[in-house]
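Hydrogens, waters and symmetry mates are skipped; everything else that's a heavy atom, side chains included, is used. Naming convention: chains lettered A, B, ... in sequence-line order (proteins, then strands); numbering from 1 in each chain.
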Amino acid sequence: MAVNPELVGRVFEKTNSYLVGREKVREFSRAVFSSNPVNLSVEAARDAGYADLVAPPTFAIVVQELTLGQLLGEEDAGIELTHVVHGEQRFDYSRPIVAGDELRAQLNVTSVKMLGGNAMVVAESVVTDSEGEHVVTAVSTLVVRGDV
Amino acid sequence: MSDLEIVHKYEVGDQVAEASYHLTRDSLVRYAGASGDFNAIHYRDDIAAEVGLPGVLAHGMLTMGLAVQPVVAWLGDASLVSGYQVRFTRPVVVDPVDGVQIAVVAKIGQLDEEAGTARIDLTTTVNDETVLGKAQVRVRLP
């Protein structure tokens, strides 16, 4: 199975709203070895001026993951999950994600390039809040390994 | 008021933080659950071998996620992080028994005093080999 070069420029449906839960933020924070009090204690987060628990910077991947699921689920994409290796990742933030945020993300495939037997797929997910305000843009470069 | 004016507190090359983390297979399962990335190459040796990998690998996003922690701790405020990027240059193989140790050193790579911003460069290593390339955090200085 080969990656479909016609994925470039494809814009996906916005994902359903993802409600950022406190316990999810705590779970994710522990998983990335955060000991930052604003990630774990509501009181500390409020003392620091936030409405609720603050998610670590890479938490946006949880929402981006939903969009990557859309990409992998695309019947003509030709992308097999076990053949996918993460090449690069970038986040551009307008603000940190906090518990209580209702986020949606929209995926856009900006590039598909063949490199040797591999395909490099660049997927850009724009994450917005319930007001439609920009929160973060997450850009993944996926390396889809050819037959091994 | 004193008429002392601090021109700059930081210089390019200054180390702002460092940390070290021990990853085990448990860490990978924990991260898979937390992130929703259940790619089997992060927990099954047979599948990793089948697709030609040197072993079960840590999620790149786990490495990226922990590497920024010392910077956030130094800043003290997550809203000061305006951007973060990495290139996953070398896979982090996690031994089923011994796990793996990841070291992170964060230094100022670029400084714009007028704008009050900096680029923090992360050196992230396993056994003295760099596992993240071009790992950069863009911050507003505290």
Side-chain angles (χ1 to χ4, degrees), chain A residues 18 23-39 45 48-50 53-66 68-69 72 80-98 136-143 145-148, chain B residues 19-23 26-42 44 47-48 50-53 57 59-73 75-89 91 102 104 132-138:
Chain A
Y18 178 94
E23 300 312 330
K24 189 68 187 181
V25 170
R26 290 195 175 105
E27 181 192 5
F28 189 91
S29 300
R30 292 191 185 105
V32 295
F33 296 79
S34 168
S35 53
N36 198 327
V38 300
N39 296 151
Y50 293 97
L53 287 187
V54 182
T58 55
F59 184 84
I61 196 72
V62 173
V63 185
Q64 191 187 14
E65 198 68 41
L66 304 174
L68 296 178
L72 265 51
E80 188 76 50
L81 181 61
T82 53
H83 286 216
V84 173
V85 178
H86 210 153
E88 287 179 45
Q89 179 70 33
R90 199 177 88 220
F91 297 102
D92 293 297
Y93 309 95
S94 289
R95 65 165 176 88
I97 292 171
V98 297
V136 55
T137 297
V139 185
S140 293
T141 302
L142 306 177
V143 182
R145 293 147 53 89
D147 290 333
V148 285
Chain B
S20 178
Y21 303 94
H22 186 68
L23 287 190
D26 298 23
S27 318
L28 305 193
V29 173
R30 187 181 292 266
Y31 184 78
S35 67
D37 181 346
F38 293 102
N39 190 338
I41 63 168
H42 303 303
R44 281 187 55 174
I47 302 256
E50 206 173 283
V51 297
L53 297 171
L57 307 183
H59 301 72
M61 285 307 303
L62 170 54
T63 308
M64 183 181 189
L66 60 82
V68 76
Q69 290 308 323
V71 176
V72 180
L75 291 169
D77 184 351
S79 69
L80 297 174
V81 177
S82 56
Y84 181 27
Q85 67 172 46
V86 308
R87 191 171 287 165
F88 302 104
T89 43
I102 300 189
V104 183
L132 296 179
K134 213 184 166 195
Q136 302 176 343
V137 192
R138 280 181 290 110

Inset, instruction - May I ask you to name which of B:His42, B:Arg30, B:Gln136, B:Arg87 has the most heavy-atom pairs under 4.5 Å with chain A? - result: B:Arg87
Legend entry - Check: A:Val54 main-chain N/O paired with A:Asn39 side-chain donor or acceptor under 3.5 Å: yes
Legend entry - Selection from B:Gly60, B:Gly133, B:Ala78 maximising heavy-atom pairs under 4.5 Å formed with chain A: B:Ala78
Inset, instruction - Select one option (side chain, backbone, both, neither) describing which atoms of A:Phe59 are under 4.5 Å from chain B's heavy atoms. - result: neither
Inset, instruction - Report the option among A:Ser29, A:Gly87, A:Gly69, A:Pro37 that has the most heavy-atom pairs separated by less than 4.5 Å from atoms of chain B. - result: A:Gly87
Inset, instruction - Please flag which part of B:Val68 lies under 4.5 Å from any non-hydrogen atom of chain A: side chain, backbone, both or neither. - result: side chain
Inset, instruction - Below 4.5 Å from any heavy atom of chain A, which atoms of B:Gln69 appear? Answer side chain, backbone, both or neither. - result: side chain
Legend entry - Segment of B:Tyr84 engaging chain A (4.5 angstrom heavy-atom cut-off): both
Inset, instruction - Specify which of B:Leu57, B:Val137, B:Thr89, B:Leu53 makes the most heavy-atom pairs with chain A at under 4.5 Å. - result: B:Leu53
Legend entry - Residues B:Val81, A:Phe91; criterion side-chain contact (heavy atoms from CB on, under 4.5 Å); working and verdict: CA-CA 10 Å; B:Val81 177; A:Phe91 297 102; over 6 Å; no
Legend entry - A:Asn36 and A:Ser34: side chain donor to acceptor below 3.5 Å: no
Inset, instruction - Can you tell which part of A:Glu27 gets under 4.5 Å to a heavy atom of chain B, answering side chain, backbone, both or neither? - result: both
Legend entry - Which residues share a side-chain hydrogen bond (donor to acceptor under 3.5 Å, both in side chains) with A:Asp92, sequence neighbours left out: A:Arg90, B:Arg138
Inset, instruction - Would you mind checking which part of A:Val62 comes under 4.5 Å of any heavy atom in chain B, side chain (CB onward), backbone (N, CA, C, O), both or neither? - result: both
Legend entry - Verdict with reasoning, B:Phe38 to A:Glu65, per side-chain contact (heavy atoms from CB on, under 4.5 Å): CA-CA 10 Å; B:Phe38 293 102; A:Glu65 198 68 41; over 6 Å; no
Legend entry - For A:Thr141, all residues meeting side-chain hydrogen bond (donor to acceptor under 3.5 Å, both in side chains), sequence neighbours excluded: none
Inset, instruction - Show the numbers, then the answer: is there a side-chain contact (heavy atoms from CB on, under 4.5 Å) between A:Gln89 and A:Gln64? - result: CA-CA 11 Å; A:Gln89 179 70 33; A:Gln64 191 187 14; 3.1 Å; yes
